[in-house]
There are 2 protein chains.
Amino acid sequence: MAEQPENIPPIEFTPFEPLCAVFRSHLRDLGHKYTPERAQILDTLVVMDDLFQVDQLIDAMKESGHRVSKATVYRTIKLLQEAGIIQQVLFDAEHAHYQLAYGRKTRDIIVCVDTNEILSIEIPELRALTERVCEQHGLSPESHRLQIFAKRS
Amino acid sequence: MAEQPENIPPIEFTPFEPLCAVFRSHLRDLGHKYTPERAQILDTLVVMDDLFQVDQLIDAMKESGHRVSKATVYRTIKLLQEAGIIQQVLFDAEHAHYQLAYGRKTRDIIVCVDTNEILSIEIPELRALTERVCEQHGLSPESHRLQIFAKRS
DNA sequence: CTTGGTGCAAACATTTTGCAGCACA
DNA sequence: TGTGCTGCAAAATGTTTGCACCAAG
């Protein structure tokens, strides 16, 4: 296996490479195909804001000249979630938001109420805290998400 | 006013009394009316599960013989939110969930993944924690919500 | 060449809205 | 007695699905 076929790009350490590999391997595992549409969606994803909505993704794809139908975007988002590449973030009821999940340690965010900016944060203490609280109820934590709504100080 | 008409129940210290008062005063402040429909919705709310969805509320009302249209339920939910009596809780993308908010100190919950039970919890340390994290970004926290997904241990 | 994928449009589910008649303050 | 409220049905929104044709493996 000294020669790589040309459809495997040269190794470069960008976020895209591992994501692409993860996605392809997930698809292969399920007997699914890696299509140009799916590649375009992944491609667009990685250059988008940390947090995005489906229609933002669709708009971004249109702007960059990709022509993929809504239906395919929705179908692909499901696959990307299964593959652990993106995850849902809920912080308003109107629209589902997603963010890249692969390699991400937390789902904790600060939402700036002035600018609507979203910051991903990490609070190491939270793990112990959730463990302690759950223990009091005879439970053990699997995961958590914390959303802080903050204003500029 | 020595005699109460029969539709006003004898005074009892149930959660309903202050909620009703809060709602009526909120409505009065806005020049809105306290109608039988709104009373029935509030009435049903207080005997429901801590966390509910709109269609559960609608079903519960039907079962108890109340006849209020969907449109009115949705309109009233907005008013109840404004009044601080209920609040939205987002933990799955399909349906908006609500819970009684009045007098509640936190929006933090544990979702038991085995039983789908929702426990409201209080973690006093969280306040300081969120303050510290926000400070690092030049922000100050207004509110937060923490959702822990846990299994039985 | 087989199986899964795509775009399109229709179907869906949930929530909102316009309107004519009704009822609370 | 006037303004806000209600129910209904239509509209709007966001997401899913059925189908005929297409393409990846």
Side-chain angles (χ1 to χ4, degrees), chain A residues 4-8 20-21 23-44 52-62 65-83 86 88-98, chain B residues 1 5 7-8 20-21 23-44 52-59 61-62 65-83 86 88-98:
Chain A
Q4 294 287 340
E6 77 302 329
N7 59 343
I8 306 229
C20 177
F23 194 30
R24 296 186 76 144
S25 115
H26 174 77
L27 291 173
R28 202 162 20 237
D29 290 350
L30 279 93
H32 290 161
K33 294 166 184 170
Y34 186 70
T35 64
E37 288 83 2
R38 289 175 181 172
Q40 285 172 22
I41 290 167
L42 191 54
D43 219 357
T44 308
F52 64 91
Q53 301 171 17
V54 178
D55 54 336
Q56 291 175 336
L57 174 58
I58 291 170
D59 289 350
M61 298 203 55
K62 268 185 202 141
H66 296 131
R67 191 157 313 183
V68 175
S69 71
K70 255 184 208 201
T72 296
V73 171
Y74 278 106
R75 287 187 276 232
T76 303
I77 278 179
K78 275 214 174 123
L79 292 167
L80 288 164
Q81 267 189 284
E82 289 170 19
I86 61 173
Q88 259 196 355
V89 180
L90 302 166
F91 71 97
D92 93 29
E94 278 85 61
H95 307 275
H97 291 72
Y98 295 87
Chain B
M1 264 296 219
N7 58 345
I8 305 229
C20 176
F23 194 30
R24 298 187 75 143
S25 114
H26 174 78
L27 291 173
R28 203 163 19 239
D29 291 350
L30 279 92
H32 292 160
K33 293 166 186 173
Y34 186 70
T35 64
E37 288 83 3
R38 288 174 182 174
Q40 286 172 21
I41 290 167
L42 192 52
D43 221 356
T44 307
F52 63 91
Q53 301 168 235
V54 177
D55 54 336
Q56 290 175 336
L57 174 59
I58 291 171
D59 289 349
M61 299 204 54
K62 269 185 201 142
H66 296 131
R67 192 157 314 181
V68 176
S69 72
K70 257 183 207 202
T72 296
V73 171
Y74 278 106
R75 285 187 277 232
T76 303
I77 278 178
K78 274 211 174 131
L79 291 168
L80 288 163
Q81 267 188 284
E82 288 170 19
I86 62 173
Q88 258 194 357
V89 181
L90 301 166
F91 71 96
D92 92 29
E94 278 84 62
H95 305 276
H97 290 73
Y98 295 87

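Chain identifiers are assigned alphabetically (A, B, ...) following the order of the sequence lines, protein sequences preceding nucleic acid strands; residue numbering begins at 1 within each chain.
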Between P of D:dC5 and OH of B:Tyr74, the distance in whole Å: 20 Å

Residue whose closest nucleotide on DNA chain C lies nearer the 5' end, A:Val73 versus B:His32: A:Val73

Interatomic distance, A:Asp59 CG vs D:dG14 P [rounded to whole Å]: 11 Å

First encountered from the 5' end of DNA chain D, between B:Val68 and B:Leu30: B:Leu30

Length of the line joining A:Glu37:CD and D:dA23:C1', which is rounded to integer Å: 9 Å

Distance in angstrom units between A:Asp55 CG and D:dT16 P, rounded: 14 Å

Atom-to-atom span, CZ of A:Arg28 to P of C:dG4 - whole angstrom: 16 Å

Under-4.0 Å side-chain N/O to phosphate OP1/OP2 contact, A:Thr72 with C:dG5: no

Short side-chain N/O contact to D:dA24 OP1/OP2 from A:Arg38, under 4.0 Å: no

Below 4.0 Å: OP1/OP2 of D:dT16 and any side-chain N or O of A:Lys78: yes

Value in whole Å for how far the C1' atom of D:dC5 lies from CZ of B:Phe23: 12 Å

Length of the CD-P vector between B:Gln53 and C:dT15, whole Å: 9 Å

Side chain proximity check, A:Leu27 to A:Arg24, heavy atoms < 4.5 angstrom: no

base_contact_polar (D:dT15 base, A:Lys70 side chain, donor-acceptor, <3.5 Å): no

Length of the line joining B:Leu27:CG and C:dA25:P, which is rounded to integer Å: 9 Å

Proximal nucleotide (of C:dG4, D:dC5, C:dG7) relative to the B:Lys33 side chain: D:dC5

Minimum side-chain heavy-atom gap A:Thr44-A:Val68 below 4.5 Å: no

Side chains of A:Val73 and A:Lys70 in contact at under 4.5 Å (non-hydrogen atoms): no

Distance-only donor-acceptor test (3.5 Å): side chain B:Arg67, base D:dG7: no

Selected nucleotide, minimal atom distance to B:Pro36 side chain, candidates D:dT15, C:dC24, D:dG25: C:dC24

Beyond-backbone contact of B:Phe23 with B:Thr76, side-chain heavy atoms, under 4.5 angstrom: yes

A:Asp59 and A:Gln56, any side-chain heavy atoms less than 4.5 Å apart: no

Donor-acceptor pair present, A:Arg75 side chain and C:dG7 base, under 3.5 Å: yes

Options C:dG4, D:dT15, D:dT17, nucleotide nearest the side-chain atoms of A:Ala71: D:dT17

Any A:Thr35 side-chain nitrogen or oxygen under 4.0 Å from OP1 or OP2 of D:dA23: no

